[in-house]
Amino acid sequence: KFTYSILAKGLCMNGQINEALKCYKWMLEKDLVEDGFAPNILIDYLCRTKNIAGAKQLLGNMFVRGLIPDTVTYGTMIDGYSKAGNLDSAVHVYSDMIKVGKNPNVVIYNALLDGLCKRLSVDAGKSLIDALKSADCFDVVTFNTLLNGYCISGNVDEALHLLVDMRKEGISFNHVTYNILINFLCKLGLIQQAKEVMEIMIAEGLTPDCVTYTTLITNMSKKGDAEEIIELHDCMIVRGVMPD
RNA sequence: AUCCGUAUCUGAAU
């Protein structure tokens, strides 16, 4: 189950979807598909490549073969729909999973939250997170998602307030939290402050990653201080972060 | 044995 599922995933990452599907069919013949693990990988790939129709078909095929969609299957479809801009269908999949008695976990809610913030409104996202807090169902991704929503809509006050709230709820910032803030500061034209936040991040024991550096370099390029850009580039190399 | 191995948040490209 694992060996051939991961092989199928590798084929997908190579863009060889037909080979991946062949691999899956072969697994079915050999009775190696006992649950959602293998089909979830293919459904996810189809969603990421915006082939929602294909993903739906594969999902339908699971039922035909008596395979029960699991929480990951539902999460994959919810995220796929919402990233494709179809929030209604995402919510519909969510109701389906409730109907069949599957318990949504924090990943499901985070996917919905991201969809709400990006496709509907941050206010809708705020309402959801309030409910999640009462239900004690949240993690660092939940907060990062809403934080990014506030940043995208330029809501500085709410963003800052959310950071305080995060601490209050006992959620530590991670590298993504910092990357969101650094990107936001850059977008506000506050490059120097963005670099300071990177220093805070390091002081907090977190390691800037490729996204951190690319964010800073991209935004500094718009101003054209070549010296500083090269310095930052060399800095990332020295610290062992590979540019992509 | 334990751990890891499929879904959710950030940059760039389109």
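Any value given below was found using the heavy atoms of this structure, including those in side chains, with hydrogens, waters and symmetry copies removed. Sequence lines set the chain letters: A, B, ... in the order given, protein chains first and strands last, and positions in each chain run from 1.
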Let's see if you can work this out: which of [options] has an atom nearest to the side-chain heavy atoms of [X]?
{"X": "I180(A)", "options": "C9(B), U6(B), U8(B)", "result": "C9(B)"}
{"X": "K118(A)", "options": "A7(B), U6(B), C9(B)", "result": "C9(B)"}
{"X": "T145(A)", "options": "C9(B), U10(B), G5(B)", "result": "C9(B)"}
{"X": "D44(A)", "options": "A7(B), C9(B), G5(B)", "result": "A7(B)"}
{"X": "F2(A)", "options": "A7(B), G11(B), G5(B)", "result": "G5(B)"}
{"X": "F37(A)", "options": "U6(B), U10(B), A7(B)", "result": "U6(B)"}
{"X": "C210(A)", "options": "U6(B), G11(B), C9(B)", "result": "G11(B)"}
{"X": "N40(A)", "options": "U8(B), A12(B), U6(B)", "result": "U6(B)"}

What is the nucleic acid contact for [X], judged by heavy atoms within less than 4.0 Å: base, sugar-phosphate only, or nothing?
{"X": "D35(A)", "value": "nothing"}
{"X": "T177(A)", "value": "nothing"}
{"X": "T76(A)", "value": "sugar-phosphate"}
{"X": "T218(A)", "value": "sugar-phosphate"}
{"X": "K1(A)", "value": "nothing"}

Taking [atom1] from [X] and [atom2] from [N], how many angstroms apart are they, rounded to a whole number?
{"X": "Y81(A)", "N": "U8(B)", "atom1": "OH", "atom2": "C1'", "result": "18 Å"}
{"X": "M198(A)", "N": "G11(B)", "atom1": "CE", "atom2": "C1'", "result": "14 Å"}
{"X": "L185(A)", "N": "U10(B)", "atom1": "CG", "atom2": "C1'", "result": "13 Å"}
{"X": "Y4(A)", "N": "U6(B)", "atom1": "OH", "atom2": "C1'", "result": "18 Å"}
{"X": "F138(A)", "N": "U8(B)", "atom1": "CZ", "atom2": "C1'", "result": "16 Å"}
{"X": "M236(A)", "N": "A12(B)", "atom1": "CE", "atom2": "P", "result": "14 Å"}
{"X": "N174(A)", "N": "U10(B)", "atom1": "CG", "atom2": "P", "result": "12 Å"}
{"X": "L216(A)", "N": "U10(B)", "atom1": "CG", "atom2": "C1'", "result": "12 Å"}

Please identify each residue that fulfils side-chain contact (heavy atoms from CB on, under 4.5 Å) with D123(A), with sequence neighbours left out.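 For D123(A), the residues satisfying side-chain contact (heavy atoms from CB on, under 4.5 Å) (neighbours in sequence not counted) are S121(A).
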Aromatic plane relationship, F138(A) with F143(A) - under 30° parallel, 30 to 60° tilted, over 60° perpendicular: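 F143(A) and F138(A): perpendicular rings.
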Between the base of [N] and the side chain of [X], is one N or O donor paired with an acceptor at under 3.5 angstrom?
{"X": "N110(A)", "N": "A7(B)", "answer": "no"}
{"X": "D244(A)", "N": "G11(B)", "answer": "yes"}
{"X": "T215(A)", "N": "G11(B)", "answer": "no"}

Contacts of type ring-ring contact (aromatic ring centres under 6.0 Å, His included), residue Y24(A), not counting sequence neighbours: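 Y24(A): no ring-ring contact (aromatic ring centres under 6.0 Å, His included) contacts found.
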Phosphate OP1/OP2 of U14(B): any K50(A) side-chain N/O under 4.0 Å: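 Answer is no, no contact under 4.0 Å.
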Hey, does the side chain of R48(A) come within less than 4.0 Å of U8(B)'s phosphate (OP1/OP2), counting only N and O?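 Affirmative; the distance criterion is met.
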Any donor-acceptor pair under 3.5 Å linking the side-chain atoms of [Y] with those of [X]?
{"X": "N144(A)", "Y": "N179(A)", "value": "no"}
{"X": "N110(A)", "Y": "T145(A)", "value": "no"}
{"X": "N183(A)", "Y": "T215(A)", "value": "no"}

Is D114(A) salt-bridged to R119(A), cutoff N-O under 4.0 Å?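 Salt bridge absent between D114(A) and R119(A).
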If you measure from the ring centre of Y74(A) to the centre of the six-membered ring in the base of A7(B), is it under 5.5 Å, with the planes under 30° apart?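 Answer is no, no stack.
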